[in-house]
Amino acid sequence: MDRYAVIGNPVAHSKSPVIHAAFAAQTGQTLTYAALLAPLDGFAATVAEFRTAGGRGCNVTVPFKLEAFALAARRSPRAQAAGAVNTLMFDAEGIYGDNTDGAGLVRDLTHNLDCPLAGRRVLLLGAGGAARGALLPLLSAGPARLMLANRTVSRAEALAAEFAAAAGNTPLAASGFAELAGAQFDVVINATAASLADQAPPLPPGLYAPGALAYDMMYGRGDTPFLVTARRDGATQLADGLGMLVEQAAESFLLWRGVRPETAPVLAELRRQLGK
Ligand code: ATR
C-alpha cells in the first residue's frame, strides 16, 4: 500500500488525513495517509525514516516548511518562489519539493468562490511566509494590480522588490496599513498571523469596492476578526481559509497520484463538522 503522511509539530489537529482519505476513496486510489509528529529538532530524520519505511510523499506543516525546502534537491518554480515547501515527493531521483498553498488559494478563489482575479485590484495583507507563498500564483492569475500591505512596511517593500521581475507588467506595490486610505480593492486577502492573536490588521475604512470579497487564509468555528471587520466595512463576500486547505491538499494529491479529486464534497463535509 502506498504511504503518505503530514509531518508537523503539533500535528494532531491536522485535517489532512481526513481530506486525503476522502480523496483516495473518491478516486479509487489505494493508499494510506497518517499524521506524523516530528521532534522540533528531528524533521529530516522523520522524513528519512518515513521514506525508508516505504513513504511515497508527505505534506509538511508548521514549523517545518523551510526545512522541507532545504531538504528537497529539486523544487518546482512555485516552491522556489515561495522559499518554502509543503509537499514532498519521493522517487528514484530523490526528494522533490513543491508548494501547493498559493495554487490552493487561487483555485479556491476562482473555482469555489467564483471570484476571478484577472483584471481585478487585489490587496494582499502580510509579508511573512503565507504572503510570500501566495505571490507567484496570484501574479500568474493576472490581476489589474497587486498591492502588498504589512504592519512592518519594509518587509512588504522587500517582498515587492523581490517579485518585481515575476510581476512583469502587473503593477506590484508595497504599503503600510494606514497609507491604504483612499484606495479601493476588489479582493482583499489576509495572509497575516493577526488572527492567531485574535486581532484584525488595522485597516482604514473604505477599502472594499462594490462587490468586493474579503478572504482570510485562517479559519475557525466562527468568523475571524478580519472577516468581522471586513463585513462591517462593506465587503460583499466573505471567505475563510478552509477552501484553501482542501484545494492545497488536492494539488498535492494531483502531484502524487496524477488525478485531481473533487473538492466540493470534502469541503462541504468539513464545513458541516465545523458547524458552518
Ligand atoms: P507566516 O509564515 O504565518 O506568514 P510570519 O512569517 O511570522 O508568519 O509572518 C507573520 C505576518 O503576520 C507578518 O506579515 C506580520 O507582520 P510584521 O511583518 O509586521 O511582523 C503579520 N502580523 C502578525 N501579527 C499581526 C497583527 N497583530 N497585526 C497585523 N499583522 C500581524
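Just the heavy atoms: all of them, side chains too, but no hydrogens, waters or symmetry mates, feed the values below. When a ligand or atom number is given, it counts from 1 through the structure's own listing order.
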Please confirm whether Ala127 comes within less than 3.5 Å of ligand 1 when only nitrogen or oxygen atoms on both sides are compared. yes
If the cut-off is 4.0 Å to any non-hydrogen atom of Gly126, which atoms of ligand 1 fall inside it? 14 (O)
Numbered atoms and elements of ligand 1 in range of Arg155, under 4.0 angstrom, heavy atoms: 6 (O), 13 (C), 17 (P), 18 (O), 20 (O)
At a 4.0 Å threshold, what atoms of ligand 1 neighbour a non-hydrogen atom of Gln199? 26 (C), 27 (N)
Who's closest to atom 1 (P) of ligand 1 heavy-atom-wise, of Pro225, Gly129, Gly176? Gly129
To the nearest 0.5 Å, what is the distance between OG on Ser16 and CZ on Phe253? 12.5 Å
In this structure, atom 14 (O) of ligand 1 is nearest to the protein heavy atom Asn150 OD1, 2.6 Å
Keeping the roles fixed (side chain from Asn9, backbone from Pro39), state whether a donor-acceptor pair exists under 3.5 Å. no
Among all protein heavy atoms, pick out the one at the shortest distance from atom 9 (O) of ligand 1; state its residue, atom name and that distance to 0.1 Å. Gly128 CA, 3.4 Å
Atom 7 (O) of ligand 1 within contact range, any protein heavy atom under 4.0 Å: no
Looking at Leu227, Leu125, Thr229, which hits side-chain contact (heavy atoms from CB on, under 4.5 Å) with Asn190? Leu125
Taking non-hydrogen atoms only, is Arg151 closer than 4.0 angstrom to ligand 1 via side chain, backbone, both or neither? both
Less than 6.0 angstrom from the centroid, inside 45 degrees of the normal: does Arg3 satisfy that with respect to the ring of Phe50? no
Which ligand 1 atoms, with their elements, are less than 4.0 angstrom from a heavy-atom of Ala130? 1 (P), 2 (O), 4 (O)
Asp2 side chain to Leu31 main-chain N or O, any donor-acceptor pair under 3.5 Å? no
Could you list the atoms of ligand 1 found under 4.0 angstrom from a heavy atom of Thr192? 12 (O), 21 (C), 22 (N), 30 (N), 31 (C)
For the pair Lys65 (side chain) and Gly83 (backbone), establish whether a donor and an acceptor sit closer than 3.5 Å, ignoring hydrogens and angles. no
Using distance alone, with no hydrogens and no angle criterion, decide if Asn59 and Ser252 have a side-chain donor and acceptor under 3.5 Å apart. yes
Measuring only between side-chain heavy atoms, which start at C-beta, is Ser195 closer than 4.5 Å to Asp216? yes
From the list Glu247, Met244, Glu251, Arg107, side-chain contact (heavy atoms from CB on, under 4.5 Å) partner of Thr100 resolves to Glu251
Please state which protein non-hydrogen atom is closest to atom 11 (C) of ligand 1 and give its distance, to 0.1 Å? Ala193 N, 3.8 Å
Return the residue, atom name and 0.1 Å-rounded distance of the protein heavy atom closest to atom 19 (O) of ligand 1. Thr152 OG1, 2.5 Å
Is any N or O atom of Phe177, backbone or side chain, closer than 3.5 Å to an N or O atom of ligand 1? no
Hey, is Ala197 touching ligand 1 through its side chain, its backbone, both or neither, going by heavy atoms under 4.0 Å? neither
What residue and heavy atom of the protein are closest to atom 28 (N) of ligand 1, and at what distance? Ala194 CB, 3.6 Å
Is it the case that the side chain of Arg120 and the backbone of Pro143 share a donor-acceptor pair, with hydrogens and angles ignored and the cut-off at 3.5 Å? no
